[in-house]
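In what follows, residues are counted from 1 in the order of the sequence shown.
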Amino acid sequence: MEQHQLTSTFLRLRAGLGRCAARMLGDDDAVDDALQDAFFRLWQRRDTIKTEKDAEGLSVTTVRHVALDMLRRRKVRMAQSIDEAGDVADADLTDDREELYDRVKTIIDSRLSPRQQAVLKMHDRDGMAYCDIAEELETTQENVRMILSRARKTIREIYKETRYE
């Protein structure tokens, strides 16, 4: 594929690619970084891309992979900062965190439906995008968002009730 065709294809898809990355990353600066990194990766493979359809498919896939890589790096940094904070935290704070985690886990296990639990794990624990969850569960993205919203609302309400008992 000619270089200008790859560029024009990517630019034509840029808005849609940006929306997909935004759903996963949430941060406008991170979206811009993801799109730039994705284009750089595609540019390195420009000689192997033969058609515009190939360029379109690879653009979507590459943006998703870049966004997932960014999410994984965030998790690693967050885990490292939590570990570092844990080193300086006193025992009471650690006990409070463990108690909070246990209470929320009990609520999730006992009060959420299996479908709510699955969506919550896929999105919050595994960092999956709404579109990927919807595909896996054979439903719509809107339904995934609704399930997640209701699950979180249930957790908040039950936690507030039990917190003051």
Side-chain angles (χ1 to χ4, degrees), residues 13-42 56-165:
L13 299 173
R14 191 176 196 288
L17 296 171
R19 285 190 300 273
C20 182
R23 282 192 301 270
M24 296 173 74
L25 300 169
D27 177 17
D28 288 340
D29 290 334
V31 169
D32 290 339
D33 291 344
L35 291 176
Q36 183 176 359
D37 191 19
F39 186 75
F40 178 73
R41 289 183 189 185
L42 287 168
E56 289 175 2
L58 281 171
S59 294
V60 172
T61 302
T62 303
V63 167
R64 282 188 59 230
H65 287 173
V66 167
L68 287 171
D69 289 346
M70 292 173 80
L71 288 171
R72 287 184 190 112
R73 285 192 298 268
R74 279 185 193 170
K75 280 186 177 180
V76 167
R77 282 194 303 265
M78 197 162 53
Q80 289 171 342
S81 65
I82 288 172
D83 289 343
E84 291 166 4
D87 292 341
V88 296
D90 59 26
D92 291 339
L93 183 58
T94 302
D95 290 343
D96 289 344
R97 283 185 192 160
E98 289 177 15
E99 181 182 335
L100 172 65
Y101 175 81
D102 290 340
R103 290 172 101 184
V104 171
K105 178 132 177 52
T106 300
I107 293 168
I108 292 169
D109 292 342
S110 65
R111 304 291 292 271
L112 296 184
S113 70
R115 191 162 179 95
Q116 287 176 319
Q117 290 178 26
V119 169
L120 193 66
K121 285 179 185 176
M122 284 188 264
H123 186 268
D124 291 349
R125 186 191 70 191
D126 300 337
M128 290 176 67
Y130 293 118
C131 54
D132 296 330
I133 298 169
E135 184 178 313
E136 178 137 341
L137 297 179
E138 298 177 353
T139 189
T140 64
Q141 290 183 40
E142 292 77 20
N143 192 27
V144 169
R145 284 188 182 97
M146 182 61 71
I147 292 169
L148 188 60
S149 174
R150 288 180 180 165
R152 289 176 174 163
K153 182 179 179 186
T154 300
I155 293 168
R156 275 192 306 272
E157 288 173 354
I158 295 171
Y159 180 78
K160 285 179 185 177
E161 288 172 13
T162 61
R163 191 168 126 196
Y164 297 110
E165 290 178 355

Original post:
With sequence neighbours left out, which residue pairs that include part of residues 112-122 fulfil the salt bridge (Lys or Arg N to Asp or Glu O under 4.0 Å) condition?
Top reply: none

Original post:
If you look only at pairs with a residue in residues 56-71, which of them pass as a salt bridge (Lys or Arg N to Asp or Glu O under 4.0 Å), with sequence neighbours excluded?
Top reply: Arg12-Glu56, Arg41-Asp69, Arg64-Asp132, Asp69-Arg72

Original post:
Closest heavy-atom contact between Gly127 and Leu68?
Top reply: O-CD2, 4.2 Å

Subject >> Contact summary for Ile108 and Gln117, nearest pair of heavy atoms >> reply: O-NE2, 3.0 Å

Run the side-chain contact (heavy atoms from CB on, under 4.5 Å) test against [X] and tell me which residues pass, sequence neighbours left out.
| X | answer |
| --- | --- |
| Ala30 | Leu25, Asp27, Met70, Arg74 |
| Thr154 | Leu112, Ile158 |
| Arg19 | Ala15, Arg23 |

**OP:** Identify, with sequence neighbours excluded, every residue that meets side chain to side chain donor-acceptor pair (under 3.5 Å) alongside Lys153.
**Re:**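 Partners of Lys153 under the side chain to side chain donor-acceptor pair (under 3.5 Å) test: none.
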
Subject >> Partner set under side chain to side chain donor-acceptor pair (under 3.5 Å) for Asp29, not counting sequence neighbours >> reply: none

Straight-line distance of [X] [atom1] to [Y] [atom2], nearest 0.5 Å:
| X | Y | atom1 | atom2 | result |
| --- | --- | --- | --- | --- |
| Ile107 | Glu157 | CD1 | CD | 11.0 Å |
| Leu35 | Thr62 | CG | OG1 | 11.5 Å |
| Leu120 | Asp126 | CG | CG | 10.0 Å |

**OP:** Name all residues meeting the salt bridge (Lys or Arg N to Asp or Glu O under 4.0 Å) criterion together with Arg152; count only those two or more places apart in sequence or in a different chain, and write none if there are none.
**Re:**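 Salt bridge (Lys or Arg N to Asp or Glu O under 4.0 Å) list for Arg152, sorted by chain: Asp124.
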
Original post:
With sequence neighbours left out, what residues match Asp102 under salt bridge (Lys or Arg N to Asp or Glu O under 4.0 Å)?
Top reply: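 Partners of Asp102 under the salt bridge (Lys or Arg N to Asp or Glu O under 4.0 Å) test: none.
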
Distance-only donor-acceptor hits, side chain of residues 133-148, under 3.5 Å, sequence neighbours excluded:
{"residue": "Thr139", "atom": "OG1", "partner": "Asn143", "partner atom": "ND2", "Å": "2.7"}
{"residue": "Thr140", "atom": "OG1", "partner": "Asn143", "partner atom": "N", "Å": "3.1"}

**OP:** Decide yes or no for Leu42 and Ser59: does some side-chain heavy atom of the first lie under 4.5 Å from some side-chain heavy atom of the second?
**Re:**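 Yes. Closest side-chain heavy atoms under 4.5 Å.
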
Original post:
With a 4.5 Å limit on heavy-atom distance, are the side chains of Asp109 and Lys105 in contact?
Top reply: yes

**OP:** Would you list the pairs meeting ring-ring contact (aromatic ring centres under 6.0 Å, His included) in which at least one residue belongs to residues 128-150, sequence neighbours left out?
**Re:**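 As it turns out, the ring-ring contact (aromatic ring centres under 6.0 Å, His included) pairs with a partner in residues 128-150, which skip direct neighbours, are His123-Tyr130.
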
